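Everything quoted here is computed from the prediction, not taken from an experiment. Here is how names work: the chains are called A, B, and so on, in the same order as the sequence lines, proteins then strands, and each is numbered from 1.
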There are 2 protein chains.
Amino acid sequence: MLSEAKFAETRQCGDCPIRHRAVCARCDSDELVQLDKIKFYRNYEAGQMIAWAGDQMDFVASVVTGIATLTQVMEDGRTQMVGLLLPSDFVGRPGRETATYNVVATSDMTLCCFRKKPFEQLMSSTPHIAQRLLEMTLDELDAAREWMLVLGRKTAREKIASLLCIIARRNAALQMLATEGEITFDLPLTREAMADYLGLTLETVSRQVSALKRDGVIRLEGKRHIIVPDFDRLMQEAGDDGDGGFLN
Amino acid sequence: MLSEAKFAETRQCGDCPIRHRAVCARCDSDELVQLDKIKFYRNYEAGQMIAWAGDQMDFVASVVTGIATLTQVMEDGRTQMVGLLLPSDFVGRPGRETATYNVVATSDMTLCCFRKKPFEQLMSSTPHIAQRLLEMTLDELDAAREWMLVLGRKTAREKIASLLCIIARRNAALQMLATEGEITFDLPLTREAMADYLGLTLETVSRQVSALKRDGVIRLEGKRHIIVPDFDRLMQEAGDDGDGGFLN
DNA sequence: GACTGACATTGATGCAGATCAACCGGGGAA
DNA sequence: TTCCCCGGTTGATCTGCATCAATGTCAGTC
């Protein structure tokens, strides 16, 4: 934990693992210098709240390492996850004072934070940042729309398979792996978080994971480690036959 | 119809009804001149396809009048609407060759189209356009996330009430009306389209509309004209107690 | 004025997933 | 070592919405 913190504080943009994917991806070295002036790293522990919906938020940030979720909660407690933030994803909205959703660290994380006001100024003077942010936002919008199909029209089994596909794909993209042959990854979410993502109950999630395992679509090592012997088969189960692709 | 077409062809930006809300909202008169060079109006009739998912699309556009929908369709025919395009909304994605979703004109419409290549060039030289597009995209993303809560966690009755709230609110925003006292509007969607939006069947939509009517939450004049005696009541039925607000 | 087809309503029945409840297993604290 | 708690699994039952089917309504048209 201490080494993690120290790591974060001494980090330079040059060796940043998300340098080529984050909001700063298009920046040249001059622009990075500008960004560097207003940035600071911040660490969160698994389970920690990063922001509450409605709270003042005086920074925006890029996820450097770890995973966070965006959730909406109704008065009676019904919860829907509306975003899954992986490394290189952007947190917060320029031009808005308060957080719109609950932001929760699902694993230990490091954020690369920018003070909001100066970031907004930088955005108007540095088109590369705004350009990249637009691109990322459009990708997120596509992902959200894909998710609307999952929530609105897919069966519980298809929902689980869809989620596994997405996690596998993002994982592959991040690690520059191919999505062919046998694929392996860790589930970054509890059954309850999966349920919140998919609009299901955790019992249904558990049952459908078991069913996919029973049917040989996946294998489990422990509760969280997933092995997918045939990714095409998994995609079929997700109802994304042929393709259906989205990346992000 | 003919008069509509003529209207469209002779229209000037100066008297355009979406001038202050569309992607061109921030442009000064010089920039409008630039845009004017690459723009053309196009009319569609109710029911007409504007684009098929996967098709080449060589323009982007603003909705001037009328309503369109974005839908995803699975191989087996299950359909989910993922966007409702009202006047001033933006159609298409800069930097992408092909349409991602089916775009269908729900009513007769007029689009203000821009040839894509020159529009993209204009975007990089004219920050006002990119800025406004980013803002609109962020708003759409918020709307999509609100919709994920509706799809994932709300009951059929709440879904219907939510949809009515959104249409009422957008309608009010467009016509600069207050959302207080008795509110009145036309449903721009068939029962089937409502079902596709809400992840329901059209029968369930019909039943729940009848139920809301029976319970005095709404009144109907014909099939499409809705009267809401008490908007707060409707919002409560939507589960957005207190507020829950999103505009867009 | 009867016919047609698109849209909508209403009823009867079935089922996927929610709900309620019991139990399991492993890791951390005392 | 024991306890306990958290995350997960599994079973029994219930229910909200889908499904299947019939009927209603209105606008357009012959």
Expressed as a whole number of angstroms, how long is the span from Arg224(B):CZ to dC26(D):C1'?
13 Å
At under 4.0 Å, does any side-chain N or O of Thr204(B) touch on OP1 or OP2 of dC17(D)?
no
Hey, does the side chain of Arg219(A) reach the backbone of Ile227(A) with a donor-acceptor pair shorter than 3.5 angstrom?
no
Atom NE2 of His225(B) and atom P of dA8(C) are separated, to the nearest Å, by 16 Å
In whole Å, what is the span from the CD1 atom of Ile160(B) to the P atom of dG16(D)?
16 Å
In Å and rounded to the nearest 0.5 Å, what is the CD1 to CD1 distance from Ile218(A) to Ile183(A)?
13.0 Å
Of Arg153(B) and Leu220(B), the one whose closest nucleotide on DNA chain C sits nearer the 5' end is Leu220(B)
Grab the CZ-C1' distance between Arg191(A) and dC24(C) for me, whole Å please.
14 Å
Nucleotide dG7(D), atom C1' - distance to CG of Leu189(A) in whole Å
14 Å
Please report the interatomic distance CG(Asp240(A)) to SG(Cys165(A)), rounded to the nearest 0.5 Å.
6.0 Å
Test item: Glu182(A) side-chain N/O and Asp230(A) main-chain N/O as donor-acceptor pair under 3.5 Å:
no
Would you confirm whether Trp52(A), through its side chain, and Val103(A), through its main-chain N or O, come within 3.5 Å as a donor-acceptor pair?
no
Looking only at atom types and distance, does a side-chain atom of Lys159(A) sit under 3.5 Å from a main-chain N or O of Leu198(A), one as donor and one as acceptor?
yes
Of the residues in residues 206-216 of chain B, which ones touch DNA chain C at a heavy-atom distance under 4.0 Å?
Ser206(B), Arg207(B), Ser210(B)
If we count only N and O atoms by modelled type, under 3.5 Å, do the side chains of Thr110(A) and Asn43(A) hold a donor and an acceptor together?
yes
Looking at Glu203(B), I want to see if its CD is surrounded by more than 12 non-hydrogen atoms of other residues, nucleotides or ligands under 6.0 Å.
yes
dA8(C) P sits how many Å from Glu221(B) CD, rounded?
17 Å
With DNA chain D as reference, determine whether Lys223(B) or Arg157(B) sits nearer its 5' end, using the nearest nucleotide of each.
Arg157(B)
Lys154(B) atom NZ is separated from dG17(C) atom C1', nearest whole Å, by 21 Å
Quick one, which residues of residues 192-203 of chain A touch DNA chain D with a heavy atom under 4.0 Å?
Leu202(A), Glu203(A)
Can you tell me the distance, in whole Å, between the CD1 atom of Ile226(A) and the P atom of dG8(D)?
11 Å
Examine distances only and state if a side-chain atom of Asp76(A) and a backbone atom of Arg78(A) form a donor-acceptor pair shorter than 3.5 Å.
yes
